[in-house]
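A short write-up of the structure that comes next.
Note: hydrogens, waters and symmetry copies are ignored here, and every other heavy atom, side chains too, is used. Owing to the predicted nature of the structure, the values given are computational and were not obtained by experimental measurement.
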Amino acid sequence: MKNFLSNVWTKRVVSVLSLVYTFFVCYLCYYSIFYDIHIKSGVSLCLLVTGISIIALVEMLYTRKQFFTRLSSFLILPAMLPVVILYFGEWSLIIPIMITGVAIMLLSGAGEGTKTALGTLIILLYIFGSLGYFLFTSFFMATAKEIVIEQGVSPSGKYRYTVVNTEDSSNGSTTVYVEPNYADVFYFDNLVTFTLKNMERAVHVERPIAEKIDVQWETQSREDITKELGKISDSISFTLTDEELEKFGYTFDSKLNISMTDIDVEDKFAIGKTAHDVDPLPLDKLTDTQLKYFGIGKDNNGYYIINPEPDIFANHEDSVGHIYLKELTDKEMGTLNVEKDRTIKLSELDDSQLAELGVSDEGDIMTFNGKVCFRFYVAEIGDYYDVDSRKLSLDLLV
């Protein structure tokens with residue numbers, strides 16, 4: 001047994017467990033950036049994390065001279081920086097991992113010079129990282145006092161809402177937030193819950209602070225909501241992807257417009273428009289003469305550039321024949337004052353097309369003090385709650 005444990009290949013295989021522990025630390029780092037944490041019992045979590053960390057520390061000390069363990073010893077502490085900053089105060093989770101990270105870095109098989117240099121860099125990283133976060137939150141966080149008045153979940157369980165009163169110098173306000181109730185991540189039998197950041201959407205703001213709070217939910221069908229929205233306005237529109245537009249029969253060329261807000265008055269006069277015309281002008285409404293004025297021609301294959309500038313359209317030098325607008329990026333079309341309209345009016349969609357866009361047959365409607373402020377229909381077709389997207393922004397730090 002002693003020979004087996006002292007065998008270098010045994011240690012190399014076991015050292016892979018160091019990477020497993022480091023992977024979960026890095027995963028916790030990822031969660032700290034995109035999720036808020038809610039701990040049900042700090043003592044229970046501390047005991048659990050401490051137990052796992054002790055096992056990992058023993059394993060890393062046993063394999064401290066192996067490459068994977070040395071690598072892990074210098075990754076754990078930097079990966080914990082966002083966790084320490086963004087989950088500050090959750091010591092039952094942070095302390096056991098930090099102690100493990102410090103211990104294995106000091107006791108790893110790396111040379112003293114390497115440990116000293118990397119240790120210094122890690123300390124500086126924590127100092128400047130914490131200072132930067134403190135300065136950011138001090139200057140940009142709102143100073144208004146917010147009080148949660150009411151919270152709840154919709155009848156379907158798909159959404160949850162929060163009513164918040166904000167006390168400020170302008171007599172305050174009442175804001176209703178709605179967020180998805182299906183994006184939470186649970187671990188260790190609900191001991192730890194992670195909720196996605198920045199998913200809440202303000203669906204109603206009232207000034208001054210509302211004296212009465214009456215939140216009601218009901219279930220309504222897609223067809224009934226379409227009729228209601230149609231009565232409110234026939235110009236309600238949604239933004240679709242190019243694939244969705246093509247699915248509904250809209251060609252690329254049929255959705256191209258000249259941006260009238262960005263052209264000179266002389267150009268407007270030249271195509272028979274007035275100085276006050278600012279509405280986008282569809283290309284398919286222009287004559288060949290008007291198109292030529294903007295440097296655009298048209299044939300059976302679509303719209304093309306009459307005299308493309310080499311420095312602007314250098315990426316299309318290999319094009320055979322004309323350079324067509326459908327080959328250009330939005331930025332390149334912008335040089336021609338052409339923009340792609342990806343909106344479509346609700347009145348142009350039938351019920352089956354709405355179903356294709358992912359709008360459920362029925363769902364939750366929310367009213368606040370008798371006024372409708374949230375419809376599942378609009379949230380789904382507008383893709384309000386894309387729980388699969390991850391975008392880095394400064395809002396994640398607040």
Hydrophobic clustering (ILVMFWY, side-chain heavy atoms < 4.5 Å, transitive) - are Phe188 and Tyr27 grouped together?
yes
Closest approach of Phe376 to Gly363 (non-hydrogen atoms, all atoms of both residues):
CE2-N, 3.2 Å
Please check if Ile123 and Ile94 belong to a single hydrophobic cluster, counting links between Ile, Leu, Val, Met, Phe, Trp and Tyr side chain heavy atoms closer than 4.5 Å.
no
Taking the side chain as C-beta and beyond, is there a heavy-atom pair between Arg12 and Trp9 under 4.5 Å?
yes
Test side chain to side chain contact (heavy atoms under 4.5 Å, CB included) applied to Val176 and Glu150, Met366, Arg201, the passing residue
Met366
Any side-chain heavy-atom pair of Thr69 and Tyr62 under 4.5 Å
no
What pair of heavy atoms forms the shortest contact from Ala210 to Ile213, and how long is it?
CB-CD1, 4.2 Å
Can you tell me how far the CD1 atom of Ile381 sits from the CG atom of Leu357, to the nearest 0.5 Å?
5.0 Å
Report yes or no: is the cationic atom of Lys197 (NZ for Lys, CZ for Arg) under 6.0 Å from the centre of the six-membered ring of Phe34, at an angle within 45° of the ring normal?
no
Below 4.5 Å, heavy atoms only, C-beta onward: do Ile365 and Trp217 meet side chain to side chain?
no
Is there a path of hydrophobic side-chain contacts, each under 4.5 Å between heavy atoms of I, L, V, M, F, W or Y residues, that connects Val153 with Val387?
no
Quick one: is the NZ or CZ of Lys326 closer than 6.0 Å to the six-membered ring centre of Tyr303, and within 45° of its axis?
no
Which atom pairs, donor and acceptor, lie under 3.5 Å between side-chain atoms of residues 72-81 and protein residues at least two apart or in another chain?
residue: Ser72; atom: OG; partner: Ser18; partner atom: O; Å: 3.4
residue: Ser72; atom: OG; partner: Thr22; partner atom: OG1; Å: 3.1
residue: Ser72; atom: OG; partner: Phe68; partner atom: O; Å: 2.8
residue: Ser73; atom: OG; partner: Arg70; partner atom: O; Å: 2.5

What heavy-atom pair brings Gly172 and Arg207 nearest, and what distance separates the two atoms?
O-NH1, 3.1 Å
Does a donor on one side chain sit under 3.5 Å from an acceptor on the other, for Glu348 and Gln353?
no
Looking only at side chains, do Glu327 and Tyr304 share a donor and an acceptor under 3.5 Å apart?
no
Checking Thr289 against Thr287: is there a side-chain donor and acceptor pair closer than 3.5 Å?
no
Would you find more than 12 non-hydrogen atoms of other residues, nucleotides or ligands less than 6.0 Å from Tyr30 atom OH?
yes
Tyr182, OH: over 12 other non-hydrogen atoms inside 6.0 angstrom
yes
Do any N or O atoms from the side chain of Thr63 and from the backbone of Gln66 form a donor-acceptor pair under 3.5 angstrom?
no
Rounded distance [0.5 Å steps], CG in Leu106 versus CZ in Arg64
13.0 Å
Ignoring hydrogens and angles, tell me if any N or O in the side chain of Ser130 forms a donor-acceptor pair with the backbone of Ile127 under 3.5 Å.
no
Would a single hydrophobic cluster contain both Leu131 and Leu86, if residues Ile, Leu, Val, Met, Phe, Trp and Tyr are joined by side-chain heavy-atom contacts under 4.5 Å?
yes
Provide the closest heavy-atom pair for Tyr35 versus Ala183 in the form atom of the first, atom of the second, distance.
CE2-O, 4.1 Å
Specify whether Tyr377 and Phe238 have parallel, tilted or perpendicular ring planes, treating 30° as the upper limit for parallel and 60° as the lower limit for perpendicular.
tilted
Using a 6.0 Å cut-off, check whether atom NZ of Lys115 has over 12 heavy atoms from anything other than its own residue.
yes
Could you walk me through whether Asp277 and Lys268 pass salt bridge (Lys or Arg N to Asp or Glu O under 4.0 Å), step by step?
CA-CA 8 Å; Asp277 287 322; Lys268 293 181 180 180; over 6 Å; no
Before you tell me yes or no, could you show the steps for Leu61 and Val58 under side-chain contact (heavy atoms from CB on, under 4.5 Å), namely the whole-Å CA-CA distance, both residues' side-chain angles and the distance that decides it to 0.1 Å?
CA-CA 5 Å; Leu61 290 176; Val58 171; 5.8 Å; no
List the steps and the verdict of side-chain contact (heavy atoms from CB on, under 4.5 Å) for Leu240 and Phe248.
CA-CA 10 Å; Leu240 305 183; Phe248 296 150; 4.0 Å; yes
Give me the ring orientation class for Tyr159 and Tyr385: parallel if the planes are under 30° apart, tilted from 30 to 60°, perpendicular past 60°.
tilted
Taking Asp242 as the fixed residue, which of Lys247, Lys340, Lys255 is the one that meets the salt bridge (Lys or Arg N to Asp or Glu O under 4.0 Å) rule?
Lys340
Should Glu179 and Tyr161 count as side-chain neighbours, where that means a heavy-atom distance under 4.5 Å?
no
Once rounded to the nearest 0.5 Å, what's the spacing between atom CD1 of Ile95 and atom SG of Cys46?
7.0 Å
Between Leu229 and Ile236, the two heavy atoms sitting closest are O-CD1, 3.5 Å
With clusters defined by side-chain heavy atoms of hydrophobic residues (ILVMFWY) lying less than 4.5 Å apart, directly or transitively, does Phe136 cluster with Phe88?
yes
Looking just at side-chain N and O atoms, do Ser347 and Asp234 make a donor-acceptor pair shorter than 3.5 Å?
no
Are there over 12 heavy-atom neighbours, none belonging to Asn190, within less than 6.0 Å of that residue's CG?
yes
Without hydrogens or angle criteria, can the side chains of Asp214 and Gln216 be said to hold a donor-acceptor pair below 3.5 Å?
yes
Within the structure provided, determine whether Ile305 and Leu336 are in side-chain contact (heavy-atom separation under 4.5 Å).
yes
How long is the straight-line distance from CG of Asp341 back to CG of Leu283, given to the nearest 0.5 Å?
11.0 Å
Answer whether the closest heavy-atom distance between the side chains of Lys158 and Ser360 falls below 4.5 Å.
yes
For Gly302, is there any backbone N or O sitting under 3.5 Å from a side-chain donor or acceptor partner on Asp299?
yes
Measure the shortest side-chain to side-chain distance between Lys40 and Thr193 over non-hydrogen atoms and say whether it is less than 4.5 angstrom.
no
Minimum heavy-atom distance Thr195-His38, with the two atoms named
OG1-NE2, 3.1 Å
For the residue pair Glu246 / Thr251, report whether a side-chain donor-acceptor contact shorter than 3.5 Å exists.
no
Between Val203 and Phe368, does the side-chain contact (heavy atoms from CB on, under 4.5 Å) criterion hold? Intermediate values first, please.
CA-CA 10 Å; Val203 297; Phe368 181 78; over 6 Å; no
Pairs flagged by side-chain hydrogen bond (donor to acceptor under 3.5 Å, both in side chains) wherever residues 362-372 is involved - sequence neighbours left out
Ser154-Asp364, Ser156-Asp364
Just checking Phe24: does its CZ atom have more than 12 heavy atoms from other residues, nucleotides or ligands closer to it than 6.0 angstrom?
no
Indicate whether the side chain of His204 and that of Thr175 have a donor and an acceptor atom separated by less than 3.5 Å.
no
Just wondering, do Val164 and Ile147 contact through their side chains at under 4.5 Å, heavy atoms?
no
